[in-house]
Amino acid sequence: MIDIRLIRSNPELVKENIRKKFQDEKLPLVDEVIALDKQLRECKTKADTLRGQRNSLSKEIGNLMMQKKIEEAETIKTQVAEIAQQLEDLKELELDLPEQIRQRMMVIPNIIDETVPLGKDDSENVEVERYGEMIVPDYEVPYHIDIMESFQGIDLDSARKTSGSGFYYLTGDIARLHSAILTYARDFMIDKGFTYCIPPFMIRSGVVTGVMSFAEMENMMYKIEGEDLYLIGTSEHSMIGKFIDSITPEEDLPIAYTSYSPCFRKEVGAHGIEERGVYRVHQFEKQEMIVVCHPDDSKAWFEKFYQYTVEFFRSLLIPVRTLECCSGDLADLKVKSVDVEAWSPRQQKFFEVGSCSNLGDAQARRLAIRARNENGTYFPHTLNNTVVAPPRMLIAFLENNLTEDGKIRIPESLQMYMGGKEFIEK
RNA sequence: GGAGGGUUGGCCGAGUGGUUGAAGGCACCGGUCUUGAAAACCGGCAUACUGAGAGGUAUCUAGGGUUCGAAUCCCUAACCCUCCGCCA
């Protein structure tokens with residue numbers, strides 16, 4: 001959510017930003033907000049004045065009562081009753097207008113960074129850089145499920161029986177590999193200076209509606225029946241929720257966490273669970289990084305963030321590229337976003353394994369996450385990025401580390417988490 | 001799950017219907033004093049909206065209600081504590 005003062009002072013800039021994102025249908029919202037905001041302030045001034053009158057008259061009644069001037073007090077009471085009536089009339093407007101404004105503010109997109117490439121949709125995202133050698137073996141690389149099954153590492157049939165599609169049993173060395181990758185990712189991030197955190201895996205509806213839009217909530221979140229609780233779709237939900245409506249002393253910034261959690265997603269919508277395997281699933285585990293930092297530092301954090309993911313994947317011998325999200329494909333809350341994509345030798349193309357986002361102060365403003373220095377409070381910047389989500393990254397891992405004779409190579413960095421093994425063999 | 005007690009500013013804590021946005025203390029900041037420091041003394045010290053400003057409004061966990069007026073009374077919820085029950 002952007003600062004309403006920006007809309008008041010520079011509506012053209014906000015409109016230009018909307019055009020850059022090819023959301024021209026939202027242009028009228030800007031003028032609507034300006035009009036509603038003006039109306040609200042007039043309404044508030046009026047109501048505040050009335051309340052001021054009521055407060056001072058009430059005090060007068062108190063004084064008169066103490067002096068036993070009952071009759072005079074009664075006269076003033078009738079005046080207050082009139083004011084109360086007028087306030088009652090204003091009350092509806094006072095509640096309705098902020099809601100009207102908020103609804104519009106929520107969908108007016110954040111001002112994107114000037115470096116974001118212009119483009120309509122994901123087809124116009126821009127490759128930034130490739131890392132590692134994109135090897136295409138001269139033998140056929142099997143589908144990841146087939147690789148896993150050849151090691152008795154996955155059981156989708158049983159999972160369908162117990163839980164439906166989009167779930168999986170991982171077993172044996174493949175399951176161990178999955179957990180080893182997470183544990184390695186945790187230590188990797190701790191070595192980078194991040195604080196490790198295990199957050200709640202369920203959050204209240206108040207937090208859910210804070211951290212995501214209604215549409216996202218419908219399409220992603222699983223609700224616990226009979227409780228005001230939802231399963232998190234990513235640890236970002238609980239990690240950012242941690243800071244809602246709080247004020248952090250500036251000297252405590254930056255706050256850099258690496259969090260682990262299982263993630264639960266309904267995946268209702270465009271794609272659904274249509275691919276066989278573990279590419280898109282209802283339940284997965286993820287190591288995440290988030291930071292709350294001073295506004296001056298967010299650009300530097302952003303670069304560091306996705307570089308950490310690149311470094312992590314490279315240490316597992318997986319070729320990756322970074323892909324910058326173009327203006328039209330950028331979610332409304334984001335200032336800038338880069339996806340990390342891993343190389344698939346089987347498909348001979350890259351696929352998404354992580355997403356790095358700088359939200360500027362929009363998320364902080366929306367959730368009243370504030371920082372304080374000697375000059376007062378301000379909204380810090382928030383960023384989040386995937387370190388690794390093993391089920392999906394296993395696809396890249398297995399395809400890139402499969403040897404011609406059907407073994408799985410364990411890169412040196414991971415060996416200590418796999419009991420010192422250099423290979424997984426059948 | 002049952003019974004009771006609680007939730008006040010950065011922290012502790014007073015306050016049970018009327019100049020209380022909130023005593024007092026601690027912490028913090030500025031000043032006096034001092035060679036320097038400590039002590040002592042003086043002053044400042046919540047958040048947000050609004051107004052050119054003086055100021056005004058809102059906020060004592062949250063949301064409703066009673067009242068001319070609520071931190072204070074009533075209802076609901078969340079959380080914390082104690083006891084009982086249950087359970088990894």
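Chain identifiers are assigned alphabetically (A, B, ...) following the order of the sequence lines, protein sequences preceding nucleic acid strands; residue numbering begins at 1 within each chain. Note that the structure is a prediction, hence the values are computed from the model and not measured.
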Participant: Kindly confirm or rule out a cation-pi arrangement of A:Lys192 over A:Phe188, judged by NZ or CZ under 6.0 Å from the six-membered ring centre and within 45° of its axis?
Facilitator: yes

Participant: Say we look at B:U76 and B:C81: how far apart would their P atoms be, to the nearest angstrom?
Facilitator: 23 Å

Participant: In whole Å, I'd like the distance from the CD atom of A:Gln85 to the P atom of B:C68.
Facilitator: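 Distance check: A:Gln85 CD to B:C68 P gives 13 Å.
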
Participant: Looking only at atom P, what distance separates B:A27 and B:C12, rounded to whole Å?
Facilitator: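 Each nucleotide's P atom is 15 Å from the other's.
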
Participant: Reading RNA chain B from 5' onward, which residue's closest nucleotide shows up sooner: A:Ala84 or A:Leu95?
Facilitator: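 Here A:Leu95 is the residue nearer the 5' end.
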
Participant: According to the Watson-Crick and G-U wobble definitions, with both distances under 3.5 Å, which nucleotide is paired to B:A70?
Facilitator: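 When the pairing criteria are applied, nothing turns out to pair with B:A70, so the answer is none.
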
Participant: Can a salt bridge be assigned to the pair A:Asp37 and A:Arg8 using a cut-off of 4.0 Å between side-chain N and carboxylate O?
Facilitator: yes

Participant: For B:C83, give the paired nucleotide (Watson-Crick: N1-N3 plus N6-O4 or O6-N4; G-U: N1-O2 and O6-N3; both under 3.5 Å), or none.
Facilitator: B:G2

Participant: Give me the distance, rounded to whole Å, that separates B:A23 from B:A14 when you measure between the P atoms they each carry.
Facilitator: 14 Å

Participant: Would you sort out whether A:Lys299 and A:Asp113 count as a salt bridge (charged side-chain N to carboxylate O under 4.0 Å, His left out), showing the intermediate values?
Facilitator: CA-CA 10 Å; A:Lys299 286 189 181 178; A:Asp113 194 82; 3.2 Å; yes

Participant: Taking the same atom, C1', in B:G30 and in B:A22, what whole-Å distance lies between them?
Facilitator: 24 Å

Participant: Paired with B:U19: which nucleotide, if any, by Watson-Crick or G-U wobble criteria at under 3.5 Å for both distances?
Facilitator: none

Participant: Taking CD from A:Gln86 and C1' from B:C68, how many angstroms apart are they, rounded to a whole number?
Facilitator: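 Spelled out: CD on A:Gln86 to C1' on B:C68 is 15 Å.
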
Participant: Are A:Lys223 and A:Asp228 within salt-bridge range, i.e. N to O under 4.0 Å?
Facilitator: no

Participant: Under a 3.5 Å cut-off for both contacts, is B:G43 paired Watson-Crick or G-U wobble with anything, and if yes, with which nucleotide?
Facilitator: B:C29

Participant: Could you tell me how far apart A:Glu74 (CD) and B:C68 (C1') are, to the nearest whole angstrom?
Facilitator: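 Rounded to the whole Å, the gap is 9 Å.
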
Participant: Any carboxylate oxygen within less than 4.0 angstrom of a Lys/Arg side-chain nitrogen, looking at A:Asp173 and A:Lys421?
Facilitator: yes

Participant: Who is the Watson-Crick or G-U wobble partner of B:U7, with both distances under 3.5 Å?
Facilitator: B:A78

Participant: Does A:Glu16 pair with A:Lys20 as a salt bridge, N-O distance under 4.0 Å?
Facilitator: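 Looking at A:Glu16 and A:Lys20, the cut-off is not met.
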
Participant: Looking at A:Lys26 and A:Asp332, does any basic side-chain N land under 4.0 Å from a carboxylate oxygen?
Facilitator: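 Yes.
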
Participant: Between A:Leu50 (CG) and B:C68 (C1'), how many Å, whole number?
Facilitator: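 Rounded to whole Å, this separation is 15 Å.
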
Participant: Quantified in whole Å, what is the C1' atom distance between nucleotide B:U7 and nucleotide B:G55?
Facilitator: 33 Å

Participant: Expected output is a numbered-order residue list: members of residues 51-62 of chain A with a heavy atom under 4.0 Å from any atom of RNA chain B. What is it?
Facilitator: A:Arg51, A:Gly52, A:Arg54, A:Asn55, A:Ser58, A:Ile61, A:Gly62

Participant: Can you check the A:Ile244 CD1 to B:A78 C1' distance for me, whole Å?
Facilitator: 15 Å

Participant: What is the distance from CZ of A:Arg204 to C1' of B:G63, rounded to the nearest Å?
Facilitator: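 Computing the A:Arg204:CZ to B:G63:C1' distance gives 14 Å.
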
Participant: Any strand is fair game: report the nucleotide pairing with B:G36 by Watson-Crick or G-U wobble, both distances under 3.5 Å, or none.
Facilitator: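 B:G36 is paired with nothing.
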
Participant: Between B:G63 and B:A54, how far apart are the C1' atoms? Round to whole Å, please.
Facilitator: 35 Å

Participant: Would you mind pulling out the nucleotide paired to B:G24, Watson-Crick or G-U wobble, both distances under 3.5 Å?
Facilitator: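 Paired with B:G24, as far as the under-3.5 Å criterion goes, is B:C12.
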
Participant: Take atom P in B:U61 and the same atom in B:A70, then report the distance between them in whole Å.
Facilitator: 15 Å

Participant: Who is the Watson-Crick or G-U wobble partner of B:G55, with both distances under 3.5 Å?
Facilitator: B:U50

Participant: Distance check, P atoms only: B:U57 and B:G69, in whole angstrom units.
Facilitator: 15 Å

Participant: Rounded to the Å, how far apart are A:Glu251 CD and B:C29 C1'?
Facilitator: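 Atom-to-atom, A:Glu251 to B:C29, this comes out as 13 Å.
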
Participant: Find every protein N or O atom lying less than 3.5 Å from an N or O atom of nucleotides 47-54 of chain B, and list the pairs.
Facilitator:
residue, atom, partner, partner atom, Å
B:U47, OP1, A:Arg372, NH1, 3.1
B:U47, O2', A:Arg370, NH1, 3.3
B:A48, OP1, A:Thr377, OG1, 2.2
B:C49, O2', A:Lys44, NZ, 3.0
B:U50, OP1, A:Arg8, NH2, 3.1

Participant: Atom CG of A:Asp228 and atom P of B:U76: how far apart are they, to the nearest Å?
Facilitator: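 Going from CG in A:Asp228 over to P in B:U76 covers 18 Å.
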
Participant: Under 4.0 Å between a Lys/Arg side-chain N and an Asp/Glu carboxylate O for A:Lys77 and A:Glu74?
Facilitator: yes

Participant: Taking the basic N atoms (NZ, or NE/NH1/NH2) and the acidic carboxylate oxygens, is any pair closer than 4.0 Å for A:Arg280 and A:Glu267?
Facilitator: yes

Participant: So does A:Glu324 pair up with A:Lys336, basic N to acidic O under 4.0 Å?
Facilitator: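 Looking at A:Glu324 and A:Lys336, the cut-off is met.
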
Participant: I'd like to know whether NZ of A:Lys46 has more than 12 heavy-atom contacts from other residues, nucleotides or ligands below 6.0 angstrom.
Facilitator: no

